[in-house]
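Working notes, structure below.
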Amino acid sequence: MITVDEALAHLFALAGPLETETVPLTDAAGRVLSETVHATRDQPPFAASSMDGYALKGVEADLHAQFMVIGEAAAGHGFAGQVGPGQAVRIFTGAPIPDGADKVVIQEDVTRAGDLVTISDDPGPKTNIRPAGGDFSKGTALEAPRRLSPQDVALLASMNIPNVPVTRKPVVALISTGDELVLPGETPGPDQIIASNTFGLKAMLEGMGCTARILPIARDTEASLRMAFDLAAGADLIVTIGGASVGDHDLVGDVAHAMGMERSFYKIAMRPGKPLMAGRMGEAAMVGLPGNPVSAMVCGHVFVAPLLRKMQGLGETPLRALQAKLSEPLGANGPRQHYMRAVIDSGTVRAFDNQDSSLLTVLSAANALLVRAPHDPARKAEEMVDYIPL
Ligand code: AMP
Ligand code: MG
């Protein structure tokens, strides 16, 4: 058995970043920027008013000073002339500051009678002007790689970048294996259960910008597993679920091997999820997840998601643990790294009593995985422990 960190290192060696493609800005959110892009203009492109008021010369902006209003500047409609001594231009937010003016007195600080305005309240030192290029200037970079947030998309739009270079979406084939499984919505026989793992994993992987294809359930026969692997052709990553243990009906390892899988490792010192295998199958990486639903989902977070982030061009990023205070004591951990289903609330973390790896209700109620290192000693309440938010 190898450690979680060793397994991750082996997994990262199985794949590199995929190619770049260009997508319209409207499709860019959640994708990974693959090349650094640069603003094609200054923003704002001119000094602009940040308030509604009167543009004039700052040295003249004394209490009770009077100005003749000589024109108007609104957003999208600048004032073409020059502001001279004793003159002001009526101005609105977003309008270019007219030549000759270097301050905007807000409209609340003046009184107006016809074309004459009088400063009636102390206008203070603020100019109320946003300088040209104050947000960014032409050439300002948005650095790759990064997963594009909605905020990034707004910035790219402002930079006038209508098409964005991103890493192609990894395609993942998800194969449930087992004679006992039927799809949600079907009527199971008396010995059957509903396949859940492929659906949870599809949601996880599509939530991180991958394309996940659920293949037909493979039965516990060599022929059926071979057919499933054939159907996975073209995927960047093949994920099987179940059949990875050492029982008589656990055929995934043997069939994958017979079909040319070069195995990188099998079995890790981890709870839940000991029988995990990985390797390469032709053009694709292959990960064989354990069948127990909690094991499959936890291994999805700990191994599959980081591997896919590497394919997306984000480099090698293991899950980063945070720290919180234990609300209840914990017994000593065994020889395997334990990812305990837990609840984190107001900086305090509590593990559920029942950690059986088949219990999806417990996983669904959890919002964190409390991480225990191999042989971690017993912990008292109030001690700090590692957790991974879910
Ligand atoms: P296995 O690794 O095939 O022995 O499966 C371990 C346990 O997980 C068994 O109880 C299976 O019925 C269950 N299991 C396997 N695959 C799935 C799946 N896709 N969805 C839900 N349960 C599964
Ligand atoms: Mg099975």
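Here the structure is a predicted model, which is why all the values come from computation and not from measurement. Just so it is clear, the values below take in all heavy atoms, side chains as well, and ignore hydrogens, waters and symmetry mates. Counting convention: from 1, in listed order, for ligands and their atoms alike.
When only interatomic distances are considered, the shortest N/O to N/O separation between Gly291 and ligand 1 falls below 3.5 Å. The shortest N or O to N or O distance between Asn292 and ligand 1 is below 3.5 Å.
Regarding atom 3 (O) of ligand 1, its nearest protein heavy-atom neighbour is Gly243 N, 2.8 Å. Nearest to atom 4 (O) of ligand 1 among the protein's heavy atoms is Asp250 OD1, 3.9 Å. The protein heavy-atom contact nearest to atom 12 (O) of ligand 1 is Glu180 OE2, 2.4 Å.
Listed by atom number, the atoms of ligand 1 under 4.0 Å from Ala195 heavy atoms are 20 (N). With ligand atoms numbered from 1 in the order given, ligand 1 contributes 12 (O), 22 (N) to contacts under 4.0 Å with heavy atoms of Ile193. Using a 4.0 Å cut-off to heavy atoms of Ser176, the atoms of ligand 1 that qualify are 19 (N).
Contact check for Val304 versus Leu201: no side-chain heavy atoms found under the 4.5 Å cut-off. Taking 4.5 Å as the limit, some side-chain heavy atom of Phe67 sits within range of a side-chain heavy atom of Ile119. You'll find the side chain of Phe229 reaches within 4.5 Å of the side chain of Thr240, heavy atoms only. Annotation: side chain of Lys169 is in contact with side chain of Arg31 (closest heavy-atom distance under 4.5 Å). Contact check for Arg147 versus Gln312: side-chain heavy atoms found under the 4.5 Å cut-off.
For Ser196, heavy-atom contacts with ligand 1 shorter than 4.0 Å involve the backbone as well as the side chain.
Scanning Asn197, Ile217, Leu360 for the heavy atom closest to atom 17 (C) of ligand 1 points to Asn197.
Checked against side-chain contact (heavy atoms from CB on, under 4.5 Å), Thr40 has the following partners two or more places apart in sequence or in another chain: Asn160.
Grouped with Met159 in one hydrophobic cluster are Val23, Leu25, Leu33, Val37, Phe136, Leu142, Leu148, Val153, Leu155, Leu156, Ile161, Val164, Val166, the linkage being side-chain heavy-atom contacts under 4.5 Å among Ile, Leu, Val, Met, Phe, Trp and Tyr residues.
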